[in-house]
Amino acid sequence: MGIATAIIGSAIVGGVMSSRAQKSAAKTASGAQTRAAEQSIAEQRRQFDAVQQLMAPYVQSGTTALSRYNALTGLSGEEAQQTLINQITSGAEYGSLVRQGEEAILQSASATGGLRGGNTQSALARFRPEILSSLIRDEYSRLGGMVSMGQNAAAGVGNAGMQTGQN
């Protein structure tokens, strides 16, 4: 019975030691997995922050353009709309187009002897509103493009955030 007890005791001690070794290995592996997961989360967060930083100017431009677009359409009130129209009429582009166009109308009328005629006066009266209308349409188009760019940038940041969250 002494040898049997020794064998059983040895088996028990070996089993306990083996169990402890497995437990230690499991803890080590678990710790490594936890660290790897934390590092992965930190890297994903870093990448999301980088995407957000890269897209920020485009989102801001889109936000600014949307504000101006709303003002131009009258959605921000008549005062904001008038302010934006005044900015267009006091701009260099408007001034240059008006000067060139009115000079062309007057030169043409002068060359044909109709400088004081009704057609010349009518053409001059219509010219500035037509230029303004054209520039407002151009501004709508430019602002619409910038709004779309900002919307796409914001959607890209949103998608990156959702992807980060899913990962």
Side-chain angles (χ1 to χ4, degrees), residues 14-106 108 122-167:
V16 168
M17 289 180 67
S18 175
S19 175
R20 285 185 182 164
Q22 287 175 353
K23 184 177 178 181
S24 176
K27 280 185 180 180
T28 300
S30 174
Q33 284 180 328
T34 299
R35 283 189 302 281
E38 288 170 352
Q39 289 172 346
S40 176
I41 291 168
E43 178 60 21
Q44 288 175 25
R45 178 49 131 168
R46 191 180 72 75
Q47 291 298 323
F48 172 73
D49 290 345
V51 167
Q52 194 173 27
Q53 185 177 3
L54 286 171
M55 296 299 225
Y58 300 99
V59 172
Q60 181 58 45
S61 291
T63 301
T64 301
L66 180 59
S67 176
R68 289 179 60 88
Y69 191 89
N70 287 342
L72 194 57
T73 60
L75 291 174
S76 298
E78 288 182 20
E79 186 176 325
Q81 185 180 36
Q82 188 61 55
T83 298
L84 201 51
I85 290 172
N86 290 345
Q87 287 175 0
I88 292 171
T89 58
S90 65
E93 183 179 21
Y94 178 82
S96 178
L97 290 172
V98 165
R99 263 189 315 283
Q100 291 173 11
E102 287 178 347
E103 285 176 13
I105 291 170
L106 292 172
S108 175
S122 176
L124 286 171
R126 287 189 321 266
F127 187 70
R128 285 181 184 234
E130 288 172 356
I131 292 296
L132 178 58
S133 179
S134 174
L135 290 177
I136 287 172
R137 279 193 306 274
D138 290 349
E139 187 71 2
Y140 277 131
S141 179
R142 284 190 290 263
L143 290 172
M146 291 181 72
V147 167
S148 292
M149 177 188 64
Q151 180 184 17
N152 290 336
V157 170
N159 287 336
M162 287 181 5
Q163 184 65 38
T164 299
Q166 289 173 354
N167 288 342

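When a residue number appears, it is its place in the shown sequence, counting from 1.
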*Ala71 backbone acceptor or donor facing Gln81 side chain under 3.5 Å*: no
*Can you tell me how far CD of Gln87 sits from CD of Gln82, rounded to the nearest 0.5 angstrom?*
11.0 Å
*Is a side-chain N or O of Ser96 found less than 3.5 angstrom from the main chain of Ala92, in a donor-acceptor match?*
no
_Option passing side-chain contact (heavy atoms from CB on, under 4.5 Å) with Ile131 (candidates Val98, Thr89, Ile136)_ = Val98
*Report the distance from atom CG of Leu97 to atom CD of Glu102, rounding to the nearest 0.5 Å.*
11.0 Å
*Is there a donor-acceptor contact under 3.5 Å linking the side chains of Ser141 and Arg137?*
no
*Apply the test side chain to side chain donor-acceptor pair (under 3.5 Å) to residues Ser40 and Gln44: give CA-CA distance (whole Å), side-chain angles for both, the deciding distance (0.1 Å), then the verdict.*
CA-CA 6 Å; Ser40 176; Gln44 288 175 25; 3.3 Å; yes
*Evaluate the criterion side chain to side chain contact (heavy atoms under 4.5 Å, CB included) for residue pair Leu75 and Tyr69; output intermediate values, then yes/no.*
CA-CA 8 Å; Leu75 291 174; Tyr69 191 89; 5.9 Å; no
*Quick one: do Asn86 and Thr83 satisfy side chain to side chain contact (heavy atoms under 4.5 Å, CB included)? Show the steps, please.*
CA-CA 5 Å; Asn86 290 345; Thr83 298; 5.6 Å; no
*Rounded to the nearest 0.5 Å, what separation is found between the CD atom of Glu139 and the CG atom of Leu132?*
11.0 Å
*Where the side chain of Ser134 meets the backbone of Glu130, is there a donor-acceptor pair that is under 3.5 Å apart?*
no
_Polar side chain donor-acceptor pair, Asp49 to Gln53, under 3.5 angstrom_ = no
*Measure from the side-chain N and O atoms of Arg99 to the backbone N and O of Gly95, and report whether any donor-acceptor pair falls under 3.5 Å.*
yes
*Inter-residue atom distance Gln52.CD - Arg45.CZ, 0.5 Å rounding*: 7.5 Å
*Looking only at heavy atoms, which two atoms of Phe127 and Gly101 are closest? And how far apart?*
CZ-CA, 3.3 Å
*How long is the span from the CG atom in Leu143 to the OG atom in Ser61, to the nearest 0.5 Å?*
11.0 Å
*asked:* Checking the side chain of Ser108 only, and the main-chain atoms of Ala104 only, is there a donor and an acceptor separated by less than 3.5 Å?
replied: no
*Find out whether Glu103 and Leu106 are in side-chain contact, i.e. whether some heavy atom of one side chain is under 4.5 Å from a heavy atom of the other.*
no
*Do Thr64 and Arg68 have side-chain N/O donor and acceptor atoms under 3.5 Å apart?*
no
_Pair Glu38 + Arg35, salt bridge at N-O below 4.0 Å_ = no
